[in-house]
Amino acid sequence: MEIDIIVWILQIILVPVTAPLCVGIIRKIKAKLQNRRGAGIFQPYRDLWKLFHKDEVISKDASWIFRCAPYIVFTVTIVVGASIPLFASYSDVTGSGNLLVIIYTLAIGTFFLALAGIDIGGAFGGFGSSREMTMAALAEGGFIFSLLTVGIISGSTDLFAISQNGLIQQGYLLPSTLAFLGLCIVLLAETARFPFDNPATHLELTMIHEAMILEYSGKKLALMEWASANKLLIFIALASNLFFPFGLAQHADSGAVLVALAVFAVKTIIFCLVIALLESFIAKFRFFRLPDLLMIAFIFNVVAIILIH
Amino acid sequence: MSTLFLQFLLQIIFLTIVFLHITKKNLDAIFAYGIQSLAILILLINSFFETGDISLLFIALLVCIVKVILAPGFFAQLIKKNELIFSASTYLNMPLTLVVLATLTAMAHSYRFSPITNIIPANETLLSLALSTMFLSLFLIVNRKGALSQIIGILSLENSIVAFAIFAGLEQSLGLQIGILFDISIWLIIATVFISMIYKQFGSLDVTDMKKLKE
Amino acid sequence: MFVLYRSMIDVIISQIIFIASLLCFTVGGIGALLLRKNDAIANIWSNFFAILASLFGLSFAALAVMSGGDTSFSIGAFSLPFFSLSFHIDQLSAFFIFIISLISLFCSVYAIGYVKHFYKKYDIGVLGFFYNMFILGMLLVASSSNWLFFLVAWEIMSIASYFLVIYDRHDQNNVRAGFLYLIMTHVGTAFIILAALLLYKFTGSFDFASIQSASLLIPAPIKNIIFIFAIIGFGTKSGIIPFHIWLPDAHPAAPSHVSALMSGVMIKTGIYMMIRIFLYMIWPVPVWWGLALLVLGSVSSLLGVLYALTEHDIKRLLAYHSIENIGIILLGLGSALTFLSLGMPSLALLGFTAALFHTLNHAIFKSLLFLGAGSVISQTHTRNMEEYGGLIKYMPYTALFFLIGSMAISALPPFNGFFSEWLTFQSLFAGITLLSFYEKWIFILASGSLAFTGGLALACFVKAFGATFLARPRSSHVSHAKESSLSLRIGMASLALLCLLLGIGSGVMTVVLEGVGKNMAVFKNAASVVSLSGQHIVVGKNFASVSLPLLALFFMVTGGLVIYITKFIINKHQKVENNITWDCGTDLTERMEITATGFSRSIILIFRGILRPSIQHDIQYHDAQSRYLPKSRTVILKVHDVYRYYFYQPLHLAVNAVSSRVKNIQSGNTNAYILYIFIALIITLLSVLWK
Amino acid sequence: MYQTELLFILISLFAAALLCFLSRNRRLIEVSSLVASGIALMESVAISLQVAHFGANVSGFFSTDALEAVIMLIIAVVGFTSTVYSIEYLRRETSKNIIGLSGVSHLRSRVREYFILLNLFMAMMFLAITVSSPIFAWIFIEATTLSTAFLISFYNKPSSIEGAWKYLIINSIGILLAFFGTLLFFPAMNSGIGNGLITWHLLATSAANLDPLVIKVAFIFIFIGYGTKVGFAPMHTWKPDAYSRAPAPIGALFSGALLPVAFAVILKFKMITDATVGSLFSQNLFIIFGLLSVAIAAAIIFVSRNYKRLLAYSSIENAGIMALGFAFGGLGIFAAMLHMVYHSFIKSALFFSSGNLLLAYHSAKIASVRGVINIIPVTAVLFLTGFFAITGAPPFGIFFTKIFILSAGIKEHPFIVATVVLLATILFIGFLKHASAMVFGQPPADIVKEKEGLWLIIPPIALMALALLLSFYIPPFLYTLLNKIALHY
């Protein structure tokens with residue numbers, strides 16, 4: 001009985017707790033590839049701790065939207081984190097594990113992030129929001145269709161049901177791979193990773209995600225950084241648990257849960273490795289070539305769906 | 001009277017209309033109309049002899065007064081007052097007008113119009129000739145540019161209808177004849193007043209310069 | 001849910017209530033006309049009776065929808081054949097009466113305050129008269145039961161809304177917009193009349209019920225013609241893409257509470273009649289109808305939102321969004337029609353419920369947005385979003401309500417827009433999973449366009465809200481803007497509350513709407529796919545389930561925790577300093593902010609194949625010689641109106657050419673006139689005597 | 001038994017004409033014409049009530065059955081309202097000396113001449129419709145042409161002379177063709193009763209033994225002849241010129257009263273031809289010319305530049321629709337008759353409002369009339385409601401009659417109905433373009449807002465109210481009359 005409570009709590013806090021770790025791992029791998037030592041993998045925790053304790057400067061042009069956007073964006077990532085299959089494929093905490101609900105809840109986060117970007121009235125925020133919304137609008141099609149492919153294969157759009165049906169059946173290998181590729185492109189777009197946006201840069205012309213949170217400082221910046229880390233982990237979890245659904249705890253017993261946690265950790269590390277490798281080897285695309293990339297993702301998913309019958 | 005004589009009278013009417021197409025001078029046109037009305041008058045008198053109906057004689061008298069004396073008189077007086085010797089020309093040149101006249105008469109005589117022309121099989125030729133005079137006078141109004149010739153065209157159309165009625169045996173009772181004549185006379189008066197007004201406003205009787213009223 | 005006992009008394013009471021609401025509208029209208037000498041009294045009179053009438057309508061509709069059962073009665077006998085004021089209100093028309101009364105209630109509350117700024121300029125009595133007649137026309141359209149009465153109501157609605165569109169007649173564009181609107185509506189009505197006549201030709205009557213019973217007599221090709229006429233006729237009124245050109249001109253021209261009613265409710269009457277014809281009157285319909293509706297829906301939704309992105313006039317932006325949402329409703333309807341003709345009534349019921357729910361939701365949030373835009377315009381006296389900015393500091397409540405409206409329209413979860421779009425998605429996904437090859441592709445196209453529409457709508461409303469309310473004022477208009485008066489705020493607040501309530505209570509609403517669907521003969525025996533288990537709405541065998549109340553609750557709890565922790569536990573005594581925004585050392589002018597055009601420039605350039613934008617730069621310099629010190633630089637981004645340029649303009653020129661050629665027969669030449677008579681005589685004679 | 005009422009109408013009208021001719025006093029002229037047309041109105045209502053109760057009456061010189069009673073009603077109502085209107089209209093015009101006249105005495109004689117001809121014109125119309133013999137009907141219609149010739153050239157300007165001239169010439173040709181057609185109806189007749197008075201009734205009863213081919217030709221001549229008077233398509237060319245030049249009340253009388261009279265005569269002949277030849281022949285004729293009229297009217301309205309010509313073309317279009325109504329038969333005839341009633345009232349109201357526009361703006365050009373709603377608001381409202389009524393907007397009856405006519409026609413002629421609906425839409429667009437251009441927009445600078453004459457507004461408002469009332473409640477006696485017509489023709 002108490003295993004259920006632990007699993008329930010774990011489901012909620014797992015994403016916020018381990019997200020900065022992933023970011024730390026990715027930075028560590030990138031540093032290694034650029035043969036420099038780089039900060040430890042727990043550096044993001046220290047950054048967050050530091051930011052939480054710094055004073056804050058808010059522009060006098062900002063309205064209440066600027067002030068509560070961080071809270072909303074962060075809460076969204078926690079809610080979504082709690083309602084996607086991480087390690088246990090039965091414990092649906094919020095009861096809304098449906099793919100559309102996930103996508104549109106994430107859209108709330110993007111919506112308020114963009115509004116916050118415009119609210120200060122600076123040039124960078126406005127342009128960041130404009131580019132972010134363009135990317136989000138184009139990515140949404142690919143995102144829905146990739147999850148839909150897997151949904152149709154497993155006969156239900158409920159994420160937990162998808163993650164319950166074990167390894168990908170033989171007949172659907174090609175559609176699943178196409179959908180997975182599509183989802184990876186959408187992952188890179190949504191979490192502002194490399195070909196779309198350079199997370200580390202503050203170069204005005206190129207930054208999308210950074211531009212919107214440029215004006216934040218102190219606790220609000222911490223929440224924003226943390227939220228983007230959470231979002232990264234959510235997408236990694238979605239990609240891993242829906243397309244490689246093995247190793248998830250099917251029923252509430254401590255052994256299976258521990259194994260599932262380990263398998264989840266391994267899968268996440270592999271994804272972080274892939275992302276870091278990607279960021280080191282390819283350059284950031286010009287802004288107006290990104291829509292073609294997103295269209296490719298959308299076409300992949302459409303072809304995937306057509307192939308299922 | 002023999003049909004030959006009736007045929008002759010009808011041919012006179014036919015020729016007067018053809019002459020109206022050709023003439024250049026207004027005075028000649030009025031003179032032609034006078035002859036035409038005279039022919040109608042004789043026709044009426046002839047049908048009086050045939051049926052012996054006194055009222056026909058009375059109508060003939062009225063026709064004589066209105067059509068033979070009054071109308072030409074009005075017109076002559078009008079022409080003298082405004083020196084309108086030469087009437088406006090026609091739309092089609094002479095040969096073309098004659099070609100059209102020929103086709104119209106041929107059409108009237110063709111078997112297509114047989115149901116109308118042999119209402120009374122006996123004078124089938126007369127009726128077809130009367131019909132052709134009707135078409136010709138209609139074409140006269142279309143072709144002439146002068147206002148006076150158009151008026152004369154309408155009056156000759158009325159004459160040819162009356163001729164057709166006489167030959168097709170459609171005589172009317174006295175009251176109707178009087179009514180029709182009364183109308184024609186009123187119409188005559190109004191037409192002459194209009195012509196003088198047109199002359200006063202437009203300086204000439206040429207209908208083509210009345211072009212202002214269009215979309 | 002208690003089932004109301006449907007006794008005879010109820011029937012009579014509900015009839016009395018309905019007639020009472022019609023009477024109140026007429027009394028309100030005529031009274032306003034009589035009292036037009038004094039503006040204030042006329043305004044109060046017309047809006048008071050409009051509110052009273054919509055309350056009556058609301059109670060009647062709620063009663064009818066809840067308790068099921070149809071009421072049909074007729075008023076007065078007329079000496080004209082075929083024509084009788086006969087009403088037949090089944091659950092479907094009760095639902096539409098519910099929408100009409102609901103929105104007119106809040107718009108009338110809003111109008112009490114809003115119309116004040118027309119007081120000295122125009123005749124308020126006339127506004128009150130046409131406003132009441134407009135709503136009365138819509139109510140009659142929703143409840144009439146024979147074609148003639150319907151056409152009368154339809155024309156009353158169109159002509160009343162025409163006079164409302166040209167109400168602000170000092171601005172020449174409004175008159176031109178009204179002119180275009182009435183022409184397009186009239187062309188639509190011509191096609192509707194033709195469809196009605198075709199129905200009459202084969203079934204021998206104008207009455208809906210007898211047409212339905214005799215619908216087997218109508219041969220298939222005629223049904224297709226009727227379908228095409230109905231699409232053109234009602235598509236013009238609902239603003240489906242090829243026939244939409246009047247909508248972005250007419251809706252913004254009307255006073256805002258009227259454009260809210262027009263956008264929210266009037267375009268739904270077209271949808272209502274499409275349902276009435278396709279699903280009720282000429283039922284067994286071929287498959288391609290549903291697919292055609294799907295294609296039309298996806299085209300309308302995608303292009304609607306793309307054109308909305310190019311707009312920088314706030315009311316035109318909202319008008320284009322109406323086209324987009326009509327497209328979404330058509331997607332629901334199209335999927336319902338396809339499933340029905342393929343013999344899957346239960347899935348069709350799902351699509352139908354989705355369409356009805358989105359009709360209700362769109363009516364609510366679109367009128368909320370228009371009312372918000374109206375109060376913004378009444379304060380800033382301009383519709384150009386480039387001259388707004390920073391209004392949230394001057395009009396906080398309006399900003400909040402506009403934000404709720406924008407979140408609802410971009411289908412963000414806690415609000416009602418999300419749930420109806422979710423249902424539409426479910427019916428489209430069901431289509432994808434179950435259907436075979438070319439139907440499946442159309443369903444994929446439809447869900448793809450719905451997905452992109454969702455994303456682009458989100459971008460468009462970030463632009464609309466951001467450019468209007470956030471950052472610093474970009475023109476002097478904003479500085480003297482004040483918060484809108486009480487009645488305006490009440491109108492908007494209740495609509496915003498409704499958005500939230502319908503979002504949270506969407507489970508209950510779906511079951512009610514399914515009841516409305518089941519009441520129709522077509523869905524009589526359809527098993528309902530959507531079931532309400534506890535708080536979850538489950539579609540199919542656990543195909544998809546969502547429970548908005550639980551999600552919202554979880555959202556509130558975590559949000560509260562996060563705020564509590566970060567604000568009060570971690571670093572409680574944190575100093576917060578107000579300073580200026582980062583400006584890289586230059587002085588921060590309002591030119592630095594993003595403008596509406598700037599915001600959507602990237603999306604427009606991405607979709608330049610469809611939109612064909614034309615960008616015009618011009619720079620003025622201080623003096624002729626130096627090219628390096630530009631005084632001012634303006635960028636005008638215009639989108640090429642494809643429909644007007646390629647279809648409506650040539651059509652107008654063709655008719656003009658023909659009529660100017662026909663005009664020449666009136667050449668002024670008397671001889672020519674007589675020649676016409678002569679030729680007419682000869683030709684008729686010969687044609688008769690030829691044999 | 002209605003002889004007395006009928007004679008009473010005619011005597012009162014002729015007496016009024018005579019009085020106007022004799023007296024110099026303008027007040028007397030106006031009052032006498034008003035009284036005469038008032039009497040005509042009351043008497044015709046009485047007659048139609050009697051006809052509704054006791055059925056048709058054929059007595060000697062006069063014969064009034066259902067069709068005549070309805071047409072008499074129309075003439076009386078339109079005549080009365082236009083007399084009322086012309087009194088105020090002429091008073092305004094003489095004060096603004098729009099009538100191109102010099103000198104006051106000359107001016108008073110023109111007004112006198114106007115009222116004489118007006119009374120004569122109404123008397124002739126009453127006679128034309130109620131007389132029992134086709135030839136007399138022809139004579140009196142010819143008389144209407146003559147009496148109105150000078151009314152059209154009332155303003156004595158070159159363009160009005162031109163309009164009157166064209167009216168005179170084209171109508172005279174039409175009337176003569178009709179004369180020939182009427183004569184052709186009589187060949188088999190006179191063998192029977194010698195030179196007795198050939199009446200409609202007689203023609204109808206002996207229709208069987210008429211020679212079909214002759215009757216066909218005769219009906220073509222009748223249709224083309226009287227069609228010129230009604231204004232069917234190829235023969236309509238005089239209408240826009242005459243209506244735009246004639247004073248507004250005369251235009252109202254033309255399209256409101258003269259058009260139904262000529263139409264009624266054609267209908268009477270149609271009844272006889274249908275009896276001999278079968279109804280198909282006349283239906284085709286009506287359809288072809290009706291469709292042509294609607295098409296040409298719709299096209300030209302789209303580009304017309306003068307609002308009085310606009311109303312003329314609208315009359316042509318409505319004549320075309322009435323012809324289609326009679327051609328489609330069954331419900332179509334009932335609807336066409338109702339359409340005739342509505343059209344006469346609404347078109348006259350429109351003509352009166354166009355008269356007001358002319359008084360305020362002194363020009364008939366659409367381009368020079370702007371912002372009427374600010375200058376003469378009541379006329380603007382009247383003009384706009386008249387426009388909506390005439391093109392068939394619901395509260396007014398024309399919407400219903402158009403739908404009934406189309407529904408009667410959809411059975412056999414779906415394509416014709418489709419084209420009519422299309423043409424009606426083009427006409428609506430054209431008309432709306434001009435109406436909204438005139439009513440809204442900025443008024444030209446030199447036009448000053450003045451108080452509108454009370455008596456200039458009351459007649460059109462009365463007519464519109466009557467049309468609105470009739471579109472919802474048709475009085476029983478009118479209903480029985482219309483049903484009789486529907487059965488009879």
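Chain letters run A, B, ... following the sequence lines, proteins first and then strands; every chain starts at 1. The model shown is predicted, which means the values in this text are computed figures rather than measured ones. Both backbone and side-chain heavy atoms feed into the values below; hydrogens, waters and symmetry mates do not.
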Q: Look at atom CZ of Arg661(C) and say whether more than 12 heavy atoms of other residues, nucleotides or ligands are closer to it than 6.0 Å.
A: no
Taking side chain as everything from C-beta outward and backbone as N, CA, C, O, which of these in [X] sits under 4.5 Å from a heavy atom of chain D? Side chain, backbone, both or neither.
X         : result
Leu197(C) : both
Ile679(C) : neither
Ile159(C) : side chain
Tyr162(C) : side chain
Phe206(C) : side chain
Leu685(C) : both

Rounded to the nearest 0.5 Å, how far apart are [atom1] of [X] and [atom2] of [Y]?
X         : Y         : atom1 : atom2 : value
Ile674(C) : Ile173(D) : CD1   : CD1   : 4.0 Å
Ile183(C) : Ile429(D) : CD1   : CD1   : 5.0 Å
Leu151(C) : Ile403(D) : CG    : CD1   : 5.0 Å
Leu432(D) : His186(C) : CG    : NE2   : 9.5 Å

Does any backbone or side-chain atom of [X] lie under 4.5 Å from a heavy atom of chain C? Answer side chain, backbone, both or neither.
X         : answer
Ile373(D) : side chain
Ser471(D) : backbone
Ile301(D) : neither
Ile169(D) : side chain
Tyr313(D) : side chain

I need the minimum non-hydrogen distance between [X] and [Y], along with the two atoms involved.
X         : Y         : answer
Leu148(C) : Phe404(D) : CD1-CE2, 3.5 Å
Lys411(D) : Lys201(C) : O-NZ, 2.7 Å
Pro394(D) : Val152(C) : CG-O, 3.5 Å
Ile426(D) : Val655(C) : CG2-CG1, 4.2 Å

Go through [options] and name the one with the most non-hydrogen pairs under 4.5 angstrom from chain D.
options                                    : value
Trp147(C), Trp154(C), Tyr676(C), Phe202(C) : Tyr676(C)
Asn656(C), Ile193(C), Thr189(C)            : Asn656(C)
Glu155(C), Arg176(C), Gln666(C), Gln172(C) : Gln666(C)
Ile156(C), Leu194(C), Leu198(C), Val175(C) : Leu194(C)
Gly668(C), Ala672(C), Ser660(C)            : Gly668(C)

Side chain to side chain, [X] and [Y], heavy atoms closer than 4.5 Å:
X         : Y         : answer
Trp238(D) : Thr670(C) : no
Thr237(D) : Ile677(C) : no
Val662(C) : Phe302(D) : no

Q) Is the distance between the ring centroids of Phe388(D) and Phe163(C) under 6.0 Å? A) yes
Please identify, among [options], the residue contributing the most non-hydrogen atom pairs under 4.5 Å to chain C.
options                                    : result
Pro234(D), Ser407(D), Gly174(D), Ser436(D) : Ser407(D)
Glu162(D), Met235(D), Lys166(D), Gln442(D) : Lys166(D)
Thr425(D), Thr401(D), Leu177(D), Ile410(D) : Ile410(D)
Phe428(D), Phe472(D), Phe281(D), Phe400(D) : Phe428(D)
Phe221(D), Tyr473(D), Phe223(D)            : Phe221(D)

Q: Kindly determine whether Val421(D) and Phe191(C) satisfy side-chain contact (heavy atoms from CB on, under 4.5 Å), including the steps that lead there.
A: CA-CA 8 Å; Val421(D) 168; Phe191(C) 279 100; over 6 Å; no
Q) Do any of residues 474-483 of chain D come closer than 4.5 Å to chain C, heavy atom to heavy atom, and if so which ones, in number order? A) Ile474(D), Tyr479(D)
Q.
Please output the residues of residues 282-295 of chain D in contact with chain C, using a heavy-atom cutoff of under 4.5 Å, in numerical order.
A. Leu285(D), Phe289(D)
Q) Given Ile665(C) and His236(D), is the side-chain contact (heavy atoms from CB on, under 4.5 Å) satisfied, shown in steps? A) CA-CA 11 Å; Ile665(C) 66 165; His236(D) 69 289; 3.7 Å; yes
Q: Show your reasoning for whether side-chain contact (heavy atoms from CB on, under 4.5 Å) applies to Asp241(D) and Tyr673(C).
A: CA-CA 12 Å; Asp241(D) 301 342; Tyr673(C) 296 163; 3.7 Å; yes
Q) Is there a side-chain contact (heavy atoms from CB on, under 4.5 Å) between Asn374(D) and Arg169(C) once you walk through the steps? A) CA-CA 11 Å; Asn374(D) 310 329; Arg169(C) 62 176 186 279; 3.6 Å; yes
